[in-house]
Amino acid sequence: MAGLTLPPRAAAAAAPPAVGQDPPWVRALVLTAVVGFIGLFLFAPLAMVFVGALSKGVGPVLHALAQPDSLSAIGLTLLVAAIAVPVNAVFGVCAAWAVAKHSFPGKAFLITLIDLPFSVSPVVAGLIFVLIFGLQGWFGSWLSDHDVKIIFAAPGIILATIFVTFPFVARELIPLMQAQGVDEEEAAATLGATGLQTFWRVTTPNIRWGLFYGVLLCNARAMGEFGAVSVVSGHIRGQTDTMPLHVEILYNEYDFVGAFSVAALLCLLAVVTLALKALVEALEPQFLESGAPRHGV
Amino acid sequence: MVSLAPDAPLTGAAPLTRRSLFRRRSAVPGFGLTLGITLLVLSLIVLIPLSSVAIKAAGMGWPDFAAAAFSTRALDAYRLSFGAALIGAGINGVFGALTAWALVRYRFPGRTLLNGLVDLPFALPTAVAGIALATLYAPNGLFGSALAKAGIKSAYSPLGVVIALTFVGLPFVVRTVEPVLRDLSTDVEEASATLGAGRLQTIARVVAPALIPAWLTGFALAFARGVGEYGSVIFIAGNMPFKTEIAPLLITMQLEQFDYASASAIAVVMLGVSFLLLFLINAIQAWSRRHEG
């Protein structure tokens with residue numbers, strides 16, 4: 001199987017509790033350590049963002065978010081996600097269809113290649129597009145002759161985002177579709193369904209939760225990506241700043257309320273993502289058992 | 001981009017008679033088209049762009065490459081990136097295993113919330129985590145001031161890098177160990193106890209060996225993630241060359257000076273290590289599958 005993959009996640013309704021195996025003092029010790037660790041490393045930063053944003057009340061938060069530069073950053077982030085997520089969703093469905101519903105030599109290697117962007121540092125992900133489309137890059141002089149801007153403009157940001165979010169949908173769908181097998185599709189074909197009909201009527205209902213899950217994680221990463229986007233953006237305020245980059249700019253200008261206000265908006269996105277994820281897991285426990293969905297890295 | 005129909009053009013042809021030398025014949029249509037799209041997009045977005053770094057570095061010649069990739073500043077940056085990632089993965093190895101144990105074996109109030117929080121580093125943008133951690137651990141921050149009183153400098157020191165990498169790597173060990181622990185029947189533990197083993201003996205001889213492959217995978221994933229991490233680190237690290245400068249930051253520094261060749265040389269070293277880790281993780285998973293039978 002592929003490289004950076006994770007086994008199935010916690011089911012909401014897990015196995016029957018085996019309480020009583022550990023003596024109470026061990027239980028208390030383990031729980032104290034775990035709650036302390038999670039509180040220190042996860043809850044505290046999350047709370048810090050909202051405390052930082054609301055330190056002077058709600059007014060300054062709304063003021064910071066209503067700034068033209070903030071609005072333009074929000075707009076660019078939405079635009080980038082609106083292109084990168086569908087591209088990766090279509091790619092993910094294609095890749096999963098080819099890999100999970102057919103057998104061919106080199107399949108395991110192909111899955112490893114699809115997973116590759118997860119093991120590449122975000123900064124390197126940005127660098128490769130600078131080397132190709134930057135002024136000194138492969139197509140640099142041609143692009144500048146024809147007045148096409150890719151690096152330090154929206155197209156470069158979109159390309160880098162597609163790269164870093166590349167495996168999300170595919171790696172949710174591949175194990176899910178592999179577990180489901182090809183029986184239903186073969187039956188549909190035998191009964192005379194066309195390929196399109198088979199896909200829409202037979203496959204889509206089976207994979208919709210996996211697809212939703214993949215799109216959810218892909219979207220969170222696409223809107224939150226920092227390293228790769230930072231390298232290709234050029235940090236032009238009001239033009240090539242995405243929300244995470246705008247957080248950095250405001251923070252470096254010591255506008256902490258502004259920085260934490262934009263950060264709080266991104267935090268809400270993360271919380272909604274996690275809540276929807278928990279909802280899918282609670283509503284569709286069989287989806288978890290059937291498909292071994294994976295986490296993004 | 002509107003159509004989600006990967007197999008559309010094949011529907012006119014009779015899919016059942018489509019033959020290929022390379023595969024077992026399948027009644028499911030659309031193989032050629034979907035594999036074609038997959039390979040095309042993979043090449044255009046991932047493979048060809050990634051090759052640009054290797055080509056750029058190869059064009060430097062060995063002396064220039066070595067000078068850029070193994071300069072004192074670069075070596076210090078690797079040492080910090082790899083060292084801090086290793087310590088962060090180690091912290092997560094201990095507390096991640098405990099968290100997985102608590103989530104699977106105990107029922108306690110707030111368990112669902114805890115379970116949800118574990119995934120936070122996957123969903124929270126790294127820059128947001130970065131400014132939050134930097135503010136908490138700054139000398140005047142909530143945790144930073146307490147640590148400063150104890151004489152420990154947290155933010156703007158290598159310790160700050162460790163804190164950030166512990167945050168980003170937190171879910172990996174939990175989420176790899178948890179399912180294995182859940183599938184591990186308590187029968188074997190009861191059998192072990194019945195046969196006279198003490199609790200510690202049972203944990204060490206029965207439970208731990210079953211968890212080790214998953215634990216190693218989670219550890220390696222957390223380490224690999226930490227090595228390349230950028231967004232959450234740069235705010236808390238202080239970014240002093242030779243001291244608190246991580247390798248990905250050094251790449252951006254070279255880029256700002258338009259020294260693309262040096263940036264590529266460092267990137268090639270980091271990619272090499274990433275691929276080595278990817279290979280290692282694959283090997284661990286193959287090994288664990290063999291042992292599970």
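All figures in this text were calculated on a predicted structure; none of them were measured in a lab. Chain letters run A, B, ... following the sequence lines, proteins first and then strands; every chain starts at 1.
Pairing each heavy atom of A:A125 with each of A:V120, the nearest pair is N-CG1, 4.0 Å.
The shortest distance between side-chain heavy atoms of B:L277 and A:S119 does not fall below 4.5 Å.
Taking chain B as the reference chain and counting heavy-atom pairs below 4.5 Å, the highest number among A:F43, A:F256, A:Y251 is found for A:Y251. Ranked by heavy-atom pairs under 4.5 Å with chain A, the first of B:I284, B:V128, B:T252 is B:V128. Ranked by heavy-atom pairs under 4.5 Å with chain A, the list B:I251, B:L42, B:L271 is led by B:L42. Comparing A:V262, A:L266, A:T273 by how many heavy-atom pairs each has under 4.5 Å with chain B, the most go to A:L266. Across B:L39, B:I91, B:L142, B:L170, the residue that shares the most heavy-atom pairs under 4.5 angstrom with chain A is B:L170. Across B:L133, B:T135, B:L98, the residue that shares the most heavy-atom pairs under 4.5 angstrom with chain A is B:T135. The greatest number of non-hydrogen atom pairs below 4.5 Å with chain A, out of B:G169, B:P248, B:G231, is found for B:P248. When the candidates A:T204, A:V30, A:V247 are compared by the number of heavy-atom contacts under 4.5 Å with chain B, A:V30 comes out ahead. Among A:G39, A:A228, A:P45, the residue with the largest count of heavy-atom pairs under 4.5 Å with chain B is A:P45. In terms of heavy-atom pairs under 4.5 angstrom with chain A, the leader among B:L120, B:I203, B:I131 is B:I131.
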A:F118 vs A:F166, ring-ring contact (aromatic ring centres under 6.0 Å, His included): CA-CA, chis, key distance, verdict: CA-CA 8 Å; A:F118 277 157; A:F166 192 73; 9.7 Å; no
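Applying the side-chain contact (heavy atoms from CB on, under 4.5 Å) criterion to A:L40, with sequence neighbours excluded, gives B:Y137, B:F143. Residues passing the side-chain contact (heavy atoms from CB on, under 4.5 Å) test with B:D183, sequence neighbours excluded: none.
Around atom CZ of B:F279, no more than 12 heavy atoms belonging to other residues, nucleotides or ligands sit under 6.0 Å away.
For the 3.5 Å distance criterion, the side chains of A:S230 and A:E248 fail to qualify, holding no donor opposite an acceptor.
Heavy-atom distances place no part of B:L280 under 4.5 Å from chain A, backbone and side chain included. For B:L255, the part lying under 4.5 angstrom from a heavy atom of chain A is the side chain only. Interface remark: B:I266 contributes no atoms to any contact with chain A (heavy atom separation under 4.5 Å). Residue A:L113 touches chain B through both its backbone and its side chain, counting heavy-atom pairs closer than 4.5 Å. With a 4.5 angstrom heavy-atom cutoff, B:S232 does not touch chain A via any of its atoms. Both the backbone and the side chain of B:A263 come within contact range of chain A, judged by heavy atoms closer than 4.5 Å. Interface remark: B:V227 contributes no atoms to any contact with chain A (heavy atom separation under 4.5 Å).
Relative ring orientation between B:F235 and A:F226 is described as tilted, the plane-to-plane angle lying within the 30° to 60° band. A parallel orientation is assigned to the rings of A:F129 and A:F133, their planes being inclined by less than 30° (bins at 30° and 60°).
A salt bridge between B:E189 and B:R105 is present, with a side-chain N of the basic residue lying under 4.0 Å from a carboxylate O of the acidic one.
For the pair A:R27 and B:Y106, the cation-pi criterion (under 6.0 Å, within 45° of the ring axis) is fulfilled.
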